[in-house]
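Notes follow the structure.
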Amino acid sequence: MDFKGFDQPGGRAAGDTRSVKVMIAGGFGTGKTTMVRSVSDIKPLTTEETLTQASVDVDHLIGVADKTQTTVSLDFGKIGINESLVLYLFGTPGQERFWFLWNGLFKGALGAIVLVDTRRLESSFRAIEEMERQDVPFVVALNVFPDSRNYPVEEIRDALDIPDHTPVVAFDARDRASSRDVLVALIHHLKERSAVALEPR
């Protein structure tokens, strides 16, 4: 895959390798930690803690009753897309009580993946609103759970109230190749946005 001309801001790693910060966001229990774990080339840093009885009234487990752990700060991983592009992945906490961490995490991010559980679309509304507020380009990734219904993409797009130019892709957060494809879709989206911005008006 050719990424020449990918001239968005980003640091330079060793040699001519460009490093890019990407956020992995979404609602509580949508699969952010799972995606970072599955796709990272390195052992990921995670900050998961066990859900306790004390959090029952704070963390709403509707639709994710089997969830036993939750991210309390961030997840971090890294993946080389090719010899010239490395993505640093920062997974956000999904619960409302940790949203105050988001502003710092988004600093310097070139783009984001917003994970969505189609059984609980409303859980990712806040993440989408944050992308739009901070003007961070993003791709919506529909994490396919065993009992997820297969909705037409346009229905999902309407329900989430996102524009036509925002890509919506289905994937399995547990699968490395599937997760990598979502990241590649984001890179293509960023390149297209960059090309449009450079067009003469």
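The chain is numbered in sequence order, starting from 1.
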On a heavy-atom basis, which atom in [X] and which in [Y] lie closest, and how many Å separate them?
X    : Y    : answer
D175 : S178 : OD2-N, 2.7 Å
F145 : T30  : CZ-O, 3.9 Å
N143 : A173 : OD1-N, 3.1 Å
Q134 : F106 : OE1-CB, 3.4 Å
L186 : G111 : CD2-C, 4.1 Å
S84  : N82  : N-OD1, 2.8 Å

Decide yes or no on salt bridge (charged side-chain N to carboxylate O under 4.0 Å, His left out) for R119 and D147, but give the supporting numbers first. CA-CA 8 Å; R119 303 168 303 175; D147 57 344; 2.6 Å; yes
[Y] and [X], any side-chain heavy atoms less than 4.5 Å apart:
X    : Y    : answer
V114 : V139 : no
L183 : M35  : yes
V116 : S124 : yes

Can you name the residues that form a side-chain contact (heavy atoms from CB on, under 4.5 Å) with E129, not counting sequence neighbours?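 By the side-chain contact (heavy atoms from CB on, under 4.5 Å) rule, E129 matches R126.
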What residues form a side-chain contact (heavy atoms from CB on, under 4.5 Å) with S38, not counting sequence neighbours?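 Residues passing side-chain contact (heavy atoms from CB on, under 4.5 Å) with S38: S179.
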Set out, in order, the CA-CA distance, both residues' side-chain angles and the distance that settles side-chain contact (heavy atoms from CB on, under 4.5 Å) for R180 and L87, then state yes or no. CA-CA 11 Å; R180 185 181 182 278; L87 306 184; over 6 Å; no
Set of ring pair (Phe, Tyr, Trp, His ring centres under 6.0 Å) partners for F171, sequence neighbours left out: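 Applying ring pair (Phe, Tyr, Trp, His ring centres under 6.0 Å) to F171 gives none.
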If you round to the nearest 0.5 Å, how far is [atom2] of [Y] from [atom1] of [X]?
X    : Y    : atom1 : atom2 : answer
L115 : T33  : CG    : OG1   : 10.0 Å
E192 : H165 : CD    : NE2   : 11.0 Å
L110 : R18  : CG    : CZ    : 8.5 Å
L142 : I156 : CG    : CD1   : 5.5 Å
T92  : D75  : OG1   : CG    : 8.5 Å
M23  : M131 : CE    : CE    : 7.0 Å

Can you hop from V144 to V168 via hydrophobic side chains spaced under 4.5 Å?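 As far as the 4.5 Å side-chain criterion goes, V168 and V144 are not connected within one cluster.
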Going only through I, L, V, M, F, W and Y residues with side-chain contacts under 4.5 Å, is there a path from V136 to I128?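 Yes.
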Those residues that, when tested against [X], pass side chain to side chain donor-acceptor pair (under 3.5 Å) (two or more places apart):
X    : answer
R157 : none
D41  : R176
D135 : none

Is the count of non-hydrogen atoms from other residues, nucleotides or ligands lying under 6.0 Å from N150 atom CG greater than 12?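 Atom CG in N150 is not packed in, count stays at 12 or less.
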